[in-house]
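To start, the structure under review is shown below, and the notes come after it.
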Amino acid sequence: MKQSYLGKHALFGLLGAIAVLTIVPVATIMPAYAVDDIEGTDAPDLTAVQAKIAVKDYKGALADLRDLAQDNQQADVYNLLGFTLRKTGDFTTALTYYNKALELKPDHKAAREYLGELYVETGDMAKANEQLASLQKLCPAGCEELEDLHKAIDTKVTK
């Protein structure tokens with residue numbers, strides 16, 4: 001009787017260990033927020049760039065995006081340039097590219113989200129909340145970009 005009690009606990013322990021070993025590696029390779037949100041129908045093929053961003057090869061993505069930006073005045077290209085630069089810590093240049101994306105397409109939801117996240121990261125919560133308000137107008141029924149920026153703001157506020 002006692003052996004089956006110990007065997008049951010050993011089985012649950014083994015299953016728990018398998019679950020942790022399976023879930024943790026999957027969670028660490030999850031792509032960055034919403035980089036798959038290409039909004040323009042005129043966007044060049046950004047598949048290779050998105051793959052590099054997903055594995056955090058920001059240097060490689062940046063090289064590809066700079067080449068694409070020479071031939072494409074396109075909001076998705078500028079948005080991903082801003083995203084990649086922000087992830088490398090170049091907030092000033094990232095801000096320039098987010099603004100270029102929004103000049104070309106003021107309703108670009110991903111650019112609004114990422115610009116808001118840049119403001120969160122730099123501590124300008126008033127401007128982050130302006131981007132949140134813009135997303136609330138663009139997505140009255142809610143959207144992923146609105147939800148992600150809201151989480152980023154909430155996380156910063158509670159820290």
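All values reported here derive from a predicted model rather than from experimental measurement. Just so it is clear, the values below take in all heavy atoms, side chains as well, and ignore hydrogens, waters and symmetry mates.
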Query raised in the report: With a 4.5 Å heavy-atom cut-off, do Phe91 and Arg86 have their side chains touching?
Result: yes
Report summary line: Smallest heavy-atom separation, Leu118 atom then Ala94 atom, equals CD1-CB, 3.7 Å
Requested in this report: Assess whether side-chain contact (heavy atoms from CB on, under 4.5 Å) is satisfied between Tyr119 and Leu95, documenting all intermediate values.
Outcome: CA-CA 9 Å; Tyr119 288 133; Leu95 178 63; 3.5 Å; yes
Query - Cation over ring face, Lys87 and Tyr58, 6.0 Å, 45° - result: no
Query raised in the report: Would you find a donor on one side and an acceptor on the other, under 3.5 Å apart, between the side chain of Arg112 and the backbone of Pro106?
Result: yes
Query raised in the report: Okay, side chain of Tyr98, backbone of Phe83: is any donor-acceptor separation there less than 3.5 Å?
Result: yes
Report task. Using distance alone, with no hydrogens and no angle criterion, decide if Thr47 and Asp45 have a side-chain donor and acceptor under 3.5 Å apart. Result -> yes
Report summary line: Rounding to 0.5 Å, atoms OH (Tyr114) and CG (Leu85) come to a distance of 14.0 Å
Query raised in the report: Roughly how far, to the nearest 0.5 Å, is the CD atom of Glu130 from the CG atom of Leu135?
Result: 12.5 Å
Query raised in the report: Got Leu138 and Cys143 here, is their nearest side-chain heavy-atom distance under 4.5 Å?
Result: no
Query - Minimal non-hydrogen separation, Val120 against Ala128, with atom names - result: CG2-CB, 3.7 Å
Query raised in the report: From Lys109 NZ over to Asp148 CG, what is the distance, rounded to the nearest 0.5 angstrom?
Result: 12.5 Å
Report task. Please report the shortest heavy-atom distance between Glu117 and Ala152, naming the atom on each side. Result -> CG-CB, 4.1 Å
**Report entry** Met125/Ile153 under side-chain contact (heavy atoms from CB on, under 4.5 Å): CA gap, chis, key distance, verdict
**Finding:** CA-CA 8 Å; Met125 299 309 287; Ile153 290 171; 3.8 Å; yes
Query raised in the report: Would a 4.5 Å heavy-atom cut-off, applied to side chains only, mark Asn99 and Leu115 as touching?
Result: yes
**Report entry** Closest approach of Leu104 to Ala75 (non-hydrogen atoms, all atoms of both residues)
**Finding:** CD1-N, 3.8 Å
Report task. Measure across Ala111 and Leu102 and return the closest heavy-atom pair with its distance rounded to 0.1 Å. Result -> CB-CD2, 3.7 Å
Requested in this report: Supply the atom-to-atom distance Leu80 CG to Gln74 CD, rounded to the nearest 0.5 angstrom.
Outcome: 9.0 Å
Query raised in the report: Is any NZ, NE, NH1 or NH2 atom of the basic residue among Lys151 and Glu147 found under 4.0 Å from an Asp or Glu carboxylate oxygen of the other?
Result: yes
Report task. Could you walk me through whether Lys52 and Leu62 pass side-chain contact (heavy atoms from CB on, under 4.5 Å), step by step? Result -> CA-CA 9 Å; Lys52 289 178 181 176; Leu62 197 54; over 6 Å; no
Query - Nearest-0.5 Å distance that lies between atom CD in Glu144 and atom CG in Leu149 - result: 12.0 Å
Query raised in the report: Is the backbone of Leu68 close enough, under 3.5 Å, to the side chain of Asn72 for a donor and an acceptor to pair up by distance?
Result: yes
Report summary line: One should read off an interatomic distance between Glu113 CD and His108 NE2, to the nearest 0.5 angstrom, of 11.0 Å
